[in-house]
Amino acid sequence: MSTKDTNEYAGSITSFPAFPRPNPDWSEDSKEHPGYLVQGLDDTPGRKAYLIHLEAKPGKEELLMGFLRDINAGVEKEPGTGPWFGTRYSKTTFIIFEAFPDADARHTHDGGPGGRNFLRSELLHDMLAFPAQLYRLDVLHGKFSVMFGQPVTTA
């Protein structure tokens, strides 16, 4: 399987790495975003999301769970961020899914109390096996009226 995947999207040909990244490592860490790599299109119309893959170093799982709690506390202060989920797939694999009404709200989150946690590059290097993989997504469809079996009410 090739690590490049060519897609027709948003009226142009773009090239993305395979999803998810098959073999990321710290050699790919960028100076622009130390501790994480951002992939996917930005600023297209419509609802947006991030899917973020975080792989803890063995023994750093509790530290990463605390990092997720810190992000969650921050996004609680961001009116344009939500829903937000910090999830665990395996002992060392964690995923964040967060959604936004549009690209502007996602940009606001990036510099907001939740997103700023990813500026803690020393912590990211200490607890992660490889840079966090941030995938920019377009939300095409969704069910917004029920959350964990309960009707969602708007105030």
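Note that the structure is a prediction, hence the values are computed from the model and not measured.
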Asks: Treat each ILVMFWY residue as a node, draw an edge where side-chain heavy atoms are under 4.5 Å apart, and state whether Leu63 and Leu68 are in one component.
Replies: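 The answer is yes; both residues are in one hydrophobic cluster.
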Asks: Which one of Lys60, Glu61, Glu55 satisfies the side-chain hydrogen bond (donor to acceptor under 3.5 Å, both in side chains) criterion with Thr92?
Replies: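 The residue from Lys60, Glu61, Glu55 that satisfies side-chain hydrogen bond (donor to acceptor under 3.5 Å, both in side chains) with Thr92 turns out to be Glu55.
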Asks: Measure the acute angle between the ring planes of Tyr50 and Phe100, then classify it against the limits of 30° and 60° as parallel, tilted or perpendicular.
Replies: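 Answer is perpendicular, since the angle exceeds 60°.
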Asks: Do Lys48 side-chain atoms and His107 backbone N/O form a donor-acceptor pair below 3.5 Å?
Replies: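 Here the side-chain-to-backbone pair does not exist.
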Asks: Considering only heavy atoms from C-beta outward, does the side chain of Val152 approach that of Phe144 to under 4.5 Å?
Replies: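 Side-chain contact under 4.5 Å: no.
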Asks: Answer yes if the ring centres of His53 and Tyr36 are under 6.0 angstrom apart, and no otherwise.
Replies: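 No.
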Asks: Do Phe148 and Phe85 make the cut of ring centroids closer than 6.0 angstrom?
Replies: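 Ring centres of Phe85 and Phe148 closer than 6.0 Å.
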Asks: Hey, which of Asp110, Leu123, Ile52 is the one that makes side chain to side chain contact (heavy atoms under 4.5 Å, CB included) with Phe118?
Replies: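 Only one option passes, and that is Ile52.
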Asks: Under the criterion side-chain contact (heavy atoms from CB on, under 4.5 Å), I'd like the reasoning laid out for Leu54 against Leu64: C-alpha separation, chi angles, the key distance, then a yes or no.
Replies: CA-CA 8 Å; Leu54 302 145; Leu64 184 47; 4.0 Å; yes
Asks: Under 4.5 Å between side-chain heavy atoms, counting indirect links through other Ile/Leu/Val/Met/Phe/Trp/Tyr residues: same cluster for Val38 and Leu128 or not?
Replies: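 Val38 and Leu128: one cluster.
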Asks: Test your reading of the model: is there a side-chain donor-acceptor pair from Arg106 to the backbone of Ala49, 3.5 Å cut-off?
Replies: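 Looks like yes, one N/O pair under 3.5 Å.
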Asks: Any side-chain donor-acceptor pair under 3.5 Å between Asn117 and Arg120?
Replies: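 The answer is yes; a qualifying pair exists.
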Asks: Would you call Phe94 and Thr87 a side-chain contact if the rule is heavy atoms closer than 4.5 Å?
Replies: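 Sidechains of Thr87 and Phe94: no contact.
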Asks: Could you tell me whether Lys57 and Asp126 have a side-chain N and a carboxylate O separated by less than 4.0 Å?
Replies: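 Salt bridge between Lys57 and Asp126, a charged N being under 4.0 Å from a carboxylate O: no.
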